[in-house]
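One structure is given below, encoded as structure tokens.
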Amino acid sequence: MDTCLDMSLAAAYTSHSQRARVVTEDWVERNMYCPRCGSGHLEHLKANRPVADFACPRCGEIFESKAQRGALGRTIADGAYDTMIRRIHESNNPDFLFMAYDLDLGRVKDFLIVPKHFFVDSLIEKRKPLAPTARRAGWTGCSIRLDEVPSWCRIALIRCGLVEDKD
């Protein structure tokens, strides 16, 4: 597993969030294996699938990837609250992949998995709806309360830039 992000992919984008999305999702696709069955890679799913970014081609498990600049903090911003609550209750709910990265250095700092069976409603924090003057007025997002996930439920694959043994 390589901790380098392919920063050349970001050249076509000016938005930090788009640059980060492109390089971090590419990194997962190039480096991540299925922690469920051991398949050597995950396939990137089509864009805009609700709470589903990658799938294992062998066992069919679904993974949601979240990346954050700097360190993984108390919370991680996510999408629509209602969609997230619905997805974690579905029979094919995803395992979560969390990444902390340094875009300036082009490196993955931390990368961990939280298996789907640890995701419960109390980990999903509802944010305030967008103001009436916003382009998407009334839309309500959520944050994932990573600080509420017990440490023994977080499986680190990269810690402080160092790759953990796959076994």
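What you see is a predicted model, and the numbers here were worked out from it, not measured in a lab.
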Atom CE in Met99, atom NZ in Lys109: separation rounded to 0.5 Å?
-> 12.5 Å
Identify the two heavy atoms, one from Pro94 and one from Arg87, that lie closest to each other, and give their separation to 0.1 Å.
-> CD-NH2, 3.5 Å
Please name the pair of heavy atoms, one in Asp102 and one in Leu5, separated by the smallest distance, quoted to 0.1 Å.
-> O-CD1, 4.5 Å
Is Arg49 atom CZ crowded by more than 12 heavy atoms from other residues, nucleotides or ligands, each under 6.0 Å away?
-> no
Which class fits the ring pair Phe118 and Trp152: parallel under 30°, tilted 30 to 60°, perpendicular over 60°?
-> perpendicular
So, for Asp95 and Arg36, which heavy atoms are closest and what is the spacing to 0.1 Å?
-> OD1-NH2, 2.7 Å
Any chance you could lay out the side chain to side chain contact (heavy atoms under 4.5 Å, CB included) test for Met84 and Ile88, step after step, and finish with the verdict?
-> CA-CA 6 Å; Met84 175 61 91; Ile88 66 173; 3.8 Å; yes
Glu64 versus Asp78: any side-chain heavy-atom pair under 4.5 Å?
-> yes
N-O pairing of Glu61 and Lys116 below 4.0 Å = yes
Determine yes or no for a side-chain-to-main-chain donor-acceptor pair under 3.5 angstrom, with Arg145 supplying the side chain and Arg74 the backbone.
-> no
Could you tell me whether a side-chain N or O of Gln18 sits under 3.5 Å from a main-chain N or O of Arg21, the two making a donor and an acceptor?
-> no
Passes side chain to side chain contact (heavy atoms under 4.5 Å, CB included), Leu72 versus Leu112? Steps please.
-> CA-CA 10 Å; Leu72 292 173; Leu112 57 97; 3.5 Å; yes
For Glu29 and Leu42, work out which heavy atoms get closest and say how close.
-> CG-O, 3.9 Å
Under 3.5 Å, side chain of Asn31 to main-chain N/O of Met1, donor-acceptor pair present?
-> no
At their closest point, which heavy atom of Trp139 faces which heavy atom of Gly79, and how far apart are they?
-> CZ2-C, 3.6 Å
Within the side chain of Arg154, is there an N or O that forms a donor-acceptor pair under 3.5 Å with the backbone of Ile113?
-> no
Quick one: pull up CZ in Arg69 and OG in Ser17 and give me the separation to the nearest 0.5 Å.
-> 11.0 Å
Heavy-atom pair with the smallest gap, counting every atom of His41 and Pro57 | O-CD, 3.4 Å
Point-to-point distance, once rounded to the nearest 0.5 Å, from SG of Cys56 to CD of Glu43 = 8.0 Å
Look at the side chain of Arg127 and the backbone N and O of Cys142, then say whether any donor-acceptor pair between them is shorter than 3.5 Å.
-> yes
Tell me, do Tyr33 and Leu157 make a side-chain contact under 4.5 Å, heavy atoms counted?
-> yes
Only one of Thr24, Thr3, Asp110 forms a side-chain contact (heavy atoms from CB on, under 4.5 Å) with Tyr101, so which one is it?
-> Thr24
List the steps and the verdict of side chain to side chain contact (heavy atoms under 4.5 Å, CB included) for Phe63 and Cys34.
-> CA-CA 9 Å; Phe63 300 88; Cys34 179; 4.0 Å; yes
Are Phe96 and Phe119 close enough, and set up right, to give a side chain to side chain contact (heavy atoms under 4.5 Å, CB included), and what steps lead you there?
-> CA-CA 9 Å; Phe96 284 79; Phe119 265 80; 3.2 Å; yes
Side chain Arg58, main chain Cys37, donor-acceptor under 3.5 Å | yes
Is there a donor-acceptor pair under 3.5 Å between the side chain of Trp27 and the backbone N or O of Arg107?
-> no
